[in-house]
Amino acid sequence: MNVLHVARGVAVALGVLLMPGLAHASPEQDRAAVAALDTEYQAAVERNDAEAMARILHDDMILVVGRGTVYTREDILRSARERDIEYERQVEEEGTQTVRLYGDDTAVVTALLWLKGVTREGEAFDRRLWFSDTYVRTPDGWRYAFGQASLSLPPE
């Protein structure tokens, strides 16, 4: 994905986020806004940018990973603040992101995610996994409310 494409998507997402009084955007605008917001979220995780992550995460957000562990919003933000993981990559594989809308207030993003980095304990990792992120429209704009990630895919 080129920088211009990402910048346009972020601009659309920010425009929708900054207009919470907007009754309903078109489905195309909603898909573009959520797609850009999810890409922005992945970039914030990669940077351990807890402030940007907090702005995107719903107050009741939870993440369920492939082995069944459940993380709350606060668990995720604490991990970013404490830099439990130093990421080299936390990016959606180009061309794999799909945004599906369900009614006016729910969107699900599915994509193949590439994670590469090192844990605080010095364990290096390089893996790919599928995820689904559920966004809900709130009075303050779209928020990431629920995530579910697969187990790591076998090496290619």
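Put simply, the side chain of Asp30 never gets that close to the backbone of Pro27: no donor and acceptor are under 3.5 Å apart. Side-chain N or O atoms of Ser150 include one that pairs as donor or acceptor with a backbone N or O of Trp130 at under 3.5 Å. A donor-acceptor contact shorter than 3.5 Å links the side chain of Asn48 to the backbone of Ile85. Checked by atom type and distance alone, the side chain of Thr138 never pairs as donor or acceptor with a backbone atom of Trp142 at under 3.5 Å. A donor-acceptor pair under 3.5 Å is absent between the side-chain atoms of Thr96 and the main chain of Ala111, judged by distance alone. With Gln97 contributing its side chain and Ala35 its backbone, the two residues share a donor-acceptor pair below 3.5 Å. Using modelled atom types, one side-chain atom of Arg73 and one backbone atom of Ala54 make a donor-acceptor pair closer than 3.5 Å.
With values rounded to the nearest 0.5 angstrom, Asp133 atom CG is found 8.0 Å from Thr110 atom OG1. To the nearest 0.5 Å, atoms OH (Tyr102) and OH (Tyr135) are separated by 15.0 Å. Rounded to the nearest 0.5 Å, atoms CG (Leu151) and CZ (Arg127) are 10.5 Å apart. For the atom pair CD of Glu74 and CG of Leu57, the computed distance is 9.5 Å after rounding to the nearest 0.5 Å. Going from atom CZ of Arg143 over to atom CZ of Arg137 covers 12.0 Å, rounded to the nearest 0.5 Å. Between atom CZ of residue Arg47 and atom CD of residue Gln90 there is a gap of 11.0 Å, rounded to the nearest 0.5 Å.
Looking at Thr106 and Thr134, their side chains come closer than 4.5 Å, going by heavy atoms from C-beta outward. Residues Glu92 and Asp38 meet the side-chain proximity criterion, which asks for heavy atoms closer than 4.5 Å. For the pair Met61/Tyr144, a side-chain contact is recorded, criterion being any heavy-atom separation below 4.5 Å from C-beta on. Contact check for Val99 versus Val34: side-chain heavy atoms found under the 4.5 Å cut-off. For the pair Tyr87/Val45, a side-chain contact is recorded, criterion being any heavy-atom separation below 4.5 Å from C-beta on. Side chains of Asp84 and Thr119 form no contact here, defined as non-hydrogen atoms less than 4.5 Å apart.
A continuous path of hydrophobic side-chain contacts links Tyr41 to Val65 [ILVMFWY only; heavy atoms under 4.5 Å]. Criterion: ILVMFWY side-chain heavy atoms under 4.5 Å apart, direct or through other members. Under it, Val70 and Phe146 are part of a common hydrophobic cluster. Both Leu63 and Leu129 are assigned to one and the same hydrophobic cluster, defined by single-linkage of ILVMFWY side chains at heavy-atom distances under 4.5 Å. In the hydrophobic clustering of this structure, Leu77 groups with Ile56; members are Ile, Leu, Val, Met, Phe, Trp, Tyr whose side-chain heavy atoms approach within less than 4.5 Å, directly or through other members. Leu115 and Val64 are members of different hydrophobic clusters when ILVMFWY side chains are connected at heavy-atom separations under 4.5 Å.
Using a 4.0 Å cut-off between charged side-chain N and carboxylate O, Arg55 and Glu40 make a salt bridge. Ion pair Glu82/Arg78 flagged as a salt bridge, since at least one NZ, NE, NH1 or NH2 atom sits closer than 4.0 Å to an Asp/Glu carboxylate oxygen. Glu46 and Lys116 are not joined by a salt bridge, as no carboxylate oxygen comes within less than 4.0 angstrom of a charged side-chain nitrogen. Between Arg128 and Glu93 a salt bridge is recorded (basic side-chain N to carboxylate O distance below 4.0 Å). Ion pairing between a basic and an acidic side chain is recognised when a charged N comes within 4.0 Å of a carboxylate O; Arg89 and Asp126 show no such pairing.
What you find for Ala145 and His58 is that their closest heavy atoms are CA-CB, 3.7 Å. When all heavy atoms of Arg81 and Ala50 are compared, the closest pair comes out as CG-CB, 3.6 Å.
More than 12 heavy-atom neighbours from other residues, nucleotides or ligands sit within 6.0 angstrom of CD on Glu28.
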